[in-house]
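Here is the structure we will look at, set down as structure tokens.
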Amino acid sequence: MKKLNLFLTLLFLVLSPIWGQKELPYLTKQGNATQLMVDGKPFLVLGGELGNSSASSFEDIERIFPKLQRMGLNTVLVPAYWDLVEPTEGNYDFTLIDKVISQAQENQLKVVFLWFGAWKNSMSCYTPLWFKKDYKKYPRAYTKEEKPLEIASSFSENVFQADNRAFSQLMKHIASVDKQHTVIMVQIENEIGMLEDARDYSKEANKLFNAPVSEKLLSYLTKNKKTLHPQMQEKWGKQGYKLKGTWQEVFGDDLYTDEIFMAWSYAQYVEKMAQSARSIHNIPLFVNAAMNSRGRKPGEYPSAGPLAHLIDVWNCGAPSIDFLAPDLYDKGFVNWVAQYKLPNNPLFIPEIRLSDANGVQAFYVFGEHDAIGLCPFSIEDGSDSPDAPLVKGYAKLKELIPVITKYQGKGVMNGLYFDEENKERILARDDLKIICRHYFTLPWDPRARDGSAWPDGGGLILHLNKDEYLIAGSGIVIEFEKTGENKAVNAKELGEDGFVSMGGKSQQQTGWQGTSRAGIGPVDEIKVKEDGTFSYVCRLNGDQTHQGRHIRIPVGEFSILHVKLYEYK
Ligand code: DGJ
């Protein structure tokens with residue numbers, strides 16, 4: 001299937017200039033990064049996802065989209081509601097979809113539609129009433145105690161047929177009206193997963209649970225044995241990497257086996273949806289997952305969704321899906337994002353809790369993980385003031401798109417992300433030690449010590465050439481040292497002017513070895529032009545670099561700095 005997709009994409013690329021049409025969005029590789037190509041150029045999603053009910057009326061769409069433009073978004077993630085798309089069986093209404101596309105175009109936004117179909121946060125609340133009522137034809141999932149749930153059964157062919165028919169109609173409609181390719185990706189379903197129990201106990205599900213594990217899955221696991229997710233590796237290993245047997249025989253008798261079984265069902269279901277979609281309108285497709293945080297067990301979180309520990313099951317079951325995407329609402333941002341940036345999975349965050357940290361979080365994922373994009377949830381509730389952190393952050397990131405996309409996947413960028421607990425990160429590049437910290441580690445900012453909350457700081461650092469860096473973000477301070485250099489006096493002991501804060505205390509000697517030292521040359525605030533070249537804004541020196549000791553971007557400001565280093569002995 002993937003080969004066919006590649007062939008169709010190449011054919012389209014060759015023929016589209018002849019037809020005079022814009023090419024469809026697609027994903028491509030640059031080094032280790034996966035880039036989303038939109039209108040022929042690599043694109044970063046500076047996004048936001050609408051609250052669940054905010055695209056259900058013309059009035060809301062008209063009110064919200066201009067605000068999103070003012071906030072500096074380039075993409076909006078919008079639900080496509082099955083119950084409103086197909087209010088009576090077989091009769092489709094795409095007026096809201098058309099409204100979203102036209103409003104997006106008027107406000108220079110791209111759109112990612114989220115198919116709120118058979119499942120939304122596990123439940124089937126967005127299925128139309130005619131579907132809900134006909135539970136004999138469209139059966140539910142059951143708990144172990146045989147309680148029917150408001151969750152359609154993924155084992156029912158009728159459920160699939162009805163869901164897929166409506167979804168295919170949506171894709172056909174998009175293909176026919178969206179000649180500008182405003183719609184750049186589609187998410188299939190929303191946070192699929194079982195709740196209350198780790199798997200469906202309907203009759204059909206029980207039958208399959210006690211039947212042999214799919215050979216396709218077992219041969220995939222065998223082929224990819226060395227690179228399986230550690231949890232899968234361990235679980236299957238404990239059973240002696242069995243190649244035959246029921247789900248419990250192959251994976252053991254516990255809730256996580258129930259979850260694997262269920263994930264296989266969901267993945268296969270989604271794969272069929274994805275295949276239909278691709279045959280109609282071939283744009284990138286993804287699925288999203290609610291995280292399994294806070295020590296919850298399968299059944300206590302939406303189990304069997306596209307979670308990191310189930311990536312092998314999902315990749316094998318749904319190869320037509322381009323990536324699995326995390327929805328991030330809990331603590332542990334740095335940890336969660338790392339789990340979803342894998343050689344076979346690019347990072348895209350369709351939902352993250354709306355907060356003042358979103359701007360620096362976006363810098364971090366683009367710098368550290370070559371992310372495709374990040375989208376705070378319920379974005380319409382955010383501020384559109386030019387002083388709001390997200391607005392300032394997105395404005396700088398928008399400038400940086402040609403630069404970031406040029407260097408993605410080449411191993412020359414890092415992301416930085418700091419809070420009060422994680423204040424420091426040390427990077428190594430060439431013969432340099434790069435010490436990066438939260439801005440409030442500078443002792444002379446009163447907010448650092450007066451009990452004020454530390455706003456999250458972060459950014460990206462890009463190695464342009466030897467001794468040449470681009471540093472961007474907010475709330476960070478960076479020092480450069482030659483490896484082996486051991487600075488005699490550190491900033492903690494000095495006032496902002498560079499004088500020792502208090503007299504009488506002799507300066508610490510740290511065993512100088514006589515190596516060469518890294519010096520800071522010009523530090524310029526710059527703007528990035530549309531073609532990716534830089535233009536000078538101002539020179540930062542003196543107090544603004546602690547008299548040449550460090551580079552910094554204060555909390556509350558977002559800027560892009562161009563830095564040259566030199567060496568002296
Ligand atoms: C994650 C879901 O995907 C969203 O649709 C929404 O329900 C948020 N949780 C939280 O409200």
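Just so you know, ligand 1 is whichever comes first in the structure, and atom 1 is the first atom listed for that ligand. What you see below is based on every heavy atom in this structure, not just the backbone, and it leaves out hydrogens, waters and symmetry mates.
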Does the Lys NZ or Arg CZ of Arg140 fall within the cation-pi geometry relative to Tyr142 - under 6.0 Å from the ring centre and within 45° of the axis? no

Using the test ring pair (Phe, Tyr, Trp, His ring centres under 6.0 Å), find all partners of Tyr81 that sit at least two apart in sequence or belong to another chain. Tyr126

State, without any angle test, whether Asp254 and Thr257 hold a side-chain donor-acceptor pair at a distance under 3.5 Å. yes

Are the charged groups of Glu368 and Lys341 less than 4.0 angstrom apart, N to O? no

Side-chain polar contacts of residues 354-367 - donor-acceptor pairs under 3.5 angstrom, sequence neighbours left out - could you list them?
residue, atom, partner, partner atom, Å
Ser355, OG, Ala357, N, 3.0
Asn358, OD1, Ser355, N, 2.8
Asn358, ND2, Arg353, O, 3.1
Asn358, ND2, Gln361, OE1, 2.8
Gln361, NE2, Tyr417, OH, 3.4

Pairs in or reaching into residues 151-168: which pass salt bridge (Lys or Arg N to Asp or Glu O under 4.0 Å), with residues at least two apart or in two chains? Glu86-Arg165, Glu89-Arg165, Glu157-Lys272

Exactly which residues line ligand 1, taking a heavy atom under 4.0 Å from it as the test? Asn52, Lys120, Asn121, Asn190, Glu191, Asp327, Tyr329, Glu351, Phe377

